[in-house]
Amino acid sequence: MLYNFKDIENKWQNFWAENNTFKAENNSTLPKFYVLDMFPYPSGAGLHVGHPLGYIASDIYSRYKRLKGFNVLHPQGYDSFGLPAEQYAIQTGRHPLQTTNENISRYREQLDRLGFSFDWSREIRTSNKNYYKWTQLMFIKLFNSWYDIDSNKSKDIKELISIFESNGNSNVNASKSDVIKTFESKEWNSYSLDKKEEILLNYRLAYLSEIDVNWCPKLGTVLANDEIIDGLSERGGHEVLRKKMTQWSIRISAYSERLLNGLNDIDWPEPLKEMQRNWIGKSEGAMVSFDVENFDKQIEVFTTRVDTIYGVSFMTLAPEHPFVKHITKDENLEPVKNYIEKSAKKTERERMSDVKSISGVFTGAYAIHPLNNEKLEIWISDYVLAGYGTGAVMAVPCGDQRDYNFAKFFNIPIKNIFLDKDISKEAFQSKEDFVLTNSEDLDGLNFKDGLNLATNKLQEINKGVRKINYKLRDAVFSRQRYWGEPFPVYYKGNSPVMIDQKYLPVALPDVDKYLPTEDGKPPLGNSKEWAWDTINNKVVANSLVDNKSVFRLELNTMPGWAGSSWYFNRYMDSNNDQEFASKESLNYWKEVDVYIGGSEHATGHLLYSRFWQYFLYDLDLVPVKDYAKKLINQGMILGNSAFISREVGTDNYFSKEIVKNVKTQLIHVDVQFVDTNNELDLDALRNWQPQFKNANFESLNQKFIVHREVEKMSKSKYNVINPDQICNDYGADTLRLYEMFLGPIEQAKPWNTAGISGTYSFLKKFWNLFHSTGEFYVDDNDPSKESLKILHKTIKKIEEDINNFSLNTSVSAFMICVNELSSQKCNNLYILKNLTILLSPFAPHICEEIWNKLGNLNTISFEPFPIFNPEFIKENSFEYPVSFNGKMKFKLNLEASLGVEEIKKTLQEDERLEKYLSQREIKKIIVVTGKIINIVC
RNA sequence: GCUCGAGUGGUGGAAUUGGUAGACACGUUGGACUUAAAAUCCAAUGAACAGUAAUGUUCGUAUGGGUUCAAGUCCCAUCUCGAGUACCA
């Protein structure tokens, strides 16, 4: 009887679907366990073999936890709002919902073929009304909240209003935009509604403001920094410009410190935490104020090196700094104006490629050093960024390389404040190994003492204060797109008003065109029905807008990360239409126990979602502040692209080993036409694309060899391996095992189809153990000691490996086990049962099939997951870990029955220990639980 | 530039965290079965040298040094690759 994976896999996939085998219950006496994958964006290209890597690992873990007696939640869904569907809609006029649904069915089909144990009854799609209804509600909550620094949490805006009404704002310590004037309760009460609203916007966690954004004219939308690569849009590679626009932002910066500290409480990969730490970018330093000659305001600068305050020899402002136009002297006006204009025109891309060149202009104004009253020239330069710190820098050329370069370039004097340090070639940037000089009473101090004294001195004269600065900036929340969540917002004049949550969702309207309108409004501006009737509380035609009871609605939509920032909570109770999830379900499932996904989301999704959860936690809407206890980063599976070299401008192609003295370029060819020896099937190539039809191919020995390179798998590189193909040829169980076998889960690795025969023949061998006579046959006598030994060795190894997510080595352990059993000709029932249970998380179909065959033989009891029994390994000889004085450790091959004297003898005979023991004397040998031996010398 | 991470056979990768390096798999070679092929099974497979042979010797985890009875693993320096970040004051 052959191993017919096709029938077996079909049969069990249908069985699981019909019986809802993997449906998780919200009420259970079993302990809960929540295993989550990052949900995919359903793209038109379908899945390739790289996508399922994480899903296979999480599925193995889920199935393992079920066997261990947990109530496992293992859901899946789709992040179905996004740009590609919209781009496609623009090109074809088809509604994004339609293409998204088609892509989802294709994804589902492919996922089902791999035998995943997802609970599909909980499926979610971020683009469904009954999902984004809750995203809209959470936006309203953000809008209606402010961040109280004193109690370190978000609170209801009503509380803030009542403080304003009774005490004004002078005692409020809140995260807020701009510097707001202080006001008394009397003043507040006298303000108009519009004025109050304007002030409140500066406190709200979701707020409107005029900001510099990355505008992509080609896509007609604003992009986040992480959606831009090398100054071009991540998608499409279009040009990106900087432009001022009124946008919604989320005040994530209020949570900087908590997001940073919270990293200590979660079991996430260290490199990923490091990335988040760098992104949040905490730096401790001080704000220092510099007076300006003939100007009534002071320039504030942030510095981490107050100790170098006496080394300041000039000031630099960002060209966008608000003071520039006020302080510039008349005779300097012309060059300053030119410089500002020039740098405003520069795109981010140009600024980046321009890092090396030094530019700047003197304003003619002077600042006054706060401690020694020296006059300092004030310059402007675009190496100072308007968006970081205060947009102004105290320049210390002897201690900062950029200031140094600037000073050298413009011949500004450089003062050395580091004793005996040579600064003739470059600045001395270290914070260690120096003492200060030329610094009045800081002379002779090191970094730490200098910093403290300088800060204290500045504080005394009211010119400086300790300050912590973060790089993390507020997140832009508006997108000029169609295919996203509409804001539940209408406008009374310029003030945004939230629609009452009773009337959610505010559904996405249909439009004729998905492009921005001709006058530059977002695509929703194309809708004829996009106004809010406050009497009937529904969306009505634009023509009815009267600004009395019918108002225009917000035209922007929310960004991709809105829906993905809280979806893990929705799975707990995804069909609830009263709440985003019931209190009971939230309290039962609490948080994700294991979350699997790529590290490319480190500073995007994985940061935003942490923020979002903290916010919900502050409002007491979720029971835990960290939504994912443990995170595993799966690496990418890369493609092995094939290239042929073409002589530039001709139709001549050369096999790899031919070296020609002509200019050639490499052209991608489909990897399907290349065999394992890198030989190209020329006939297939000629039929593939017309350019190759009559081309001239030159090779040695009739074999045309391609050039290989490892790259990301993508349709455009013709290196995609489709999982369906592998399932057809080898079966899902083989693919699952092979993807795990390929290497450590977190590592990026190239796909190589050739290696798959190893795992395939392993499954065949396993199957043949019990089909050696042609029919299914097992022996129900007591198992032999040898087979028990190998079984228990394997149990131990598998359990350890799964817990460490070291799934590649566990596949090896299975192979060793089956090879051993097969050479023992073991077809014992007890062994079979235990082994299939052990293997079932990895290769579930084949194991189900064997259990089914066992049906009527089901007389021997066995554990749901086999328990390791060390007795079976200890038989005869075994490698014992040995330690000396509880310190040094190594392995010693000993027989189990040896006495102390015999152990002593064995030790002395071991040549590894010869030198060590020649210097010491064995005093005592301690044998603990027959396992660990400690030797006291 | 800065911050992390990694360099092990022809290839993917193991190594119980300092204890016999190269598990397991691919590939390659040889053999069995077969009219033949496929499939399957068995054996060999880091390199060099010696031996008819069993076997033995030497070298070997990017490079150079160090600590230790013992180093792929720890320390220092150098080189290479990958990821993140980008004038962050």
Side-chain angles (χ1 to χ4, degrees), chain A residues 2 225-226 230 269-279 281-283 285 288 301-306 308 316 318 348 351-352 354-358 381-385 387-396 399-403 405-406 429 469-473 599-600 602-603 633 635-636 676-677 737-738 741-744 746-762 764-765 768 796-797 800 806 808-817 819 822-823 879 881-884 887-893 910-920:
Chain A
L2 290 174
N225 275 333
D226 31 322
D230 293 336
E270 209 39 60
L272 188 139
K273 289 193 194 177
E274 196 59 33
M275 276 161 75
Q276 291 208 348
R277 284 190 195 108
N278 289 339
W279 192 262
K282 180 178 181 171
S283 53
V288 182
V301 302
F302 174 74
T303 176
T304 53
R305 293 296 302 274
V306 197
T308 64
T316 317
E348 215 147 294
R351 277 208 185 185
M352 234 148 58
D354 215 17
V355 167
K356 294 284 178 296
S357 71
I358 296 161
S381 171
D382 61 7
Y383 84 85
V384 178
L385 304 177
Y388 181 73
T390 59
V393 180
M394 59 176 224
V396 184
D400 184 287
Q401 195 57 45
R402 288 158 320 193
D403 296 344
N405 295 343
F406 195 86
Q429 302 205 77
N469 216 23
Y470 300 91
K471 275 197 270 181
L472 186 67
R473 294 184 222 166
S599 61
E600 66 271 21
T603 53
N633 279 138
M636 233 183 290
T676 49
N677 298 320
L737 282 166
Y738 184 56
F741 182 68
L742 220 45
E746 64 279 359
Q747 191 180 307
K749 55 225 159 220
W751 176 265
N752 172 15
T753 305
I756 203 167
S757 64
T759 45
Y760 182 53
S761 61
F762 156 72
K764 277 192 287 188
K765 226 183 239 181
N768 287 337
K796 184 174 185 234
K797 177 83 178 137
E800 281 172 4
S806 172
N808 54 331
T809 52
S810 43
V811 178
S812 298
F814 280 123
M815 288 176 174
I816 294 167
C817 178
N819 281 344
S822 160
S823 71
E879 288 202 314
V882 176
S883 64
F884 288 83
K887 260 175 139 187
M888 166 176 138
K889 264 200 316 191
F890 79 114
K891 281 286 172 64
L892 197 60
N893 221 16
D910 193 298
E911 56 181 57
R912 286 173 294 170
L913 288 171
E914 217 177 273
K915 269 192 190 164
Y916 182 78
L917 288 177
S918 68
Q919 297 160 12
R920 284 154 250 246

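In this text the structure is predicted, and so the values were computed from the model without any measurement. Just so it is clear: chains get the letters A, B, ... in the order the sequence lines come, proteins before strands, and each one is counted from 1.
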**OP:** Quick one: closest heavy-atom pair of A602(A) and Q276(A), and the distance?
**Re:** O-NE2, 2.9 Å

**OP:** Ignoring backbone atoms, establish whether N819(A) has a side-chain N or O less than 4.0 Å from OP1 or OP2 of A25(B).
**Re:** yes

Subject >> Separation of atom CG in L742(A) from atom C1' in C24(B), rounded to whole Å >> reply: 13 Å

Original post:
In whole Å, what is the span from the CG atom of L472(A) to the P atom of U85(B)?
Top reply: 14 Å

Original post:
Hey, does P750(A) reach any base, or is it just sugar-phosphate, or nothing, if we go heavy atoms under 4.0 Å?
Top reply: nothing

**OP:** Compare the minimum distances between each of C4(B), A14(B), U40(B) and the side chain of S761(A), then state the nucleotide with the smallest one.
**Re:** U40(B)

Original post:
Taking a pair as Watson-Crick or G-U wobble with both distances under 3.5 Å, which nucleotide is matched to A37(B)?
Top reply: none

Original post:
Want to settle it: does P271(A) or S806(A) sit nearer the 5' end of RNA chain B, counting the closest nucleotide to each?
Top reply: P271(A)

**OP:** For S757(A), report the nucleic acid contact type (base, sugar-phosphate, nothing); a contact means any heavy atom under 4.0 Å.
**Re:** sugar-phosphate

Original post:
Below 4.0 angstrom from OP1 or OP2 of A25(B), is there any side-chain N or O of Y738(A)?
Top reply: no

Subject >> Pairing partner of C2(B) (Watson-Crick or G-U wobble, both distances under 3.5 Å) >> reply: G84(B)

**OP:** Determine which nucleotide pairs with A71(B), using a 3.5 Å limit on both distances of a Watson-Crick or G-U wobble pair.
**Re:** none

Original post:
Taking any strand in view, what nucleotide pairs with A89(B) in a Watson-Crick or G-U wobble way, both distances under 3.5 Å?
Top reply: none

Subject >> Rounded distance (Å) that lies between atom P of G1(B) and atom CG of D403(A) >> reply: 20 Å

Original post:
Where does G9(B) fall, syn or anti, if syn means a chi angle no more than 90° from 0?
Top reply: syn

**OP:** Provide the Watson-Crick or G-U wobble partner of G64(B), both distances under 3.5 Å; none if there is no partner.
**Re:** C76(B)

Original post:
Ring centres of W279(A) and Y470(A) under 6.0 Å apart?
Top reply: no

**OP:** From the options A23(B), G13(B), U85(B), select the nucleotide whose nearest atom is closest to the side chain of N808(A).
**Re:** G13(B)

Original post:
When you check the glycosidic angle of U40(B), does it come out syn, meaning within 90° of 0, or anti?
Top reply: anti

Original post:
Which pair of heavy atoms, one from M275(A) and one from T603(A), lies closest together, and at what distance?
Top reply: O-CG2, 4.0 Å

Subject >> Complementary nucleotide for G51(B) - Watson-Crick or wobble, under 3.5 Å >> reply: none

Subject >> Selected nucleotide, minimal atom distance to T304(A) side chain, candidates U3(B), A89(B), A86(B) >> reply: A89(B)

Original post:
Among the nucleotides U85(B), U3(B), C24(B), which one has an atom lying closest to any side-chain atom of N278(A)?
Top reply: U3(B)

Original post:
T303(A) side chain: which of A15(B), A89(B), G12(B) is closest?
Top reply: A89(B)

**OP:** Would you mind checking if E274(A) and R277(A) are paired as a salt bridge, meaning a charged N to carboxylate O distance below 4.0 Å?
**Re:** yes

**OP:** With heavy atoms under 4.0 Å as the rule, sort Q747(A) into base, sugar-phosphate or nothing.
**Re:** sugar-phosphate

Original post:
When we call it a touch if two heavy atoms are under 4.0 Å apart, what does K765(A) touch: a base, just sugar-phosphate, or nothing?
Top reply: sugar-phosphate

Original post:
Using purine N1 to pyrimidine N3 plus N6-O4 or O6-N4 for Watson-Crick, or N1-O2 and O6-N3 for G-U wobble, each under 3.5 Å, what pairs with G22(B)?
Top reply: none

Original post:
Is any side-chain nitrogen or oxygen of K764(A) closer than 4.0 Å to OP1 or OP2 of U40(B)?
Top reply: yes

Original post:
So what does N469(A) touch, heavy atoms closer than 4.0 Å: a base, only the sugar-phosphate, or nothing?
Top reply: nothing

Original post:
According to the Watson-Crick and G-U wobble definitions, with both distances under 3.5 Å, which nucleotide is paired to C59(B)?
Top reply: G46(B)

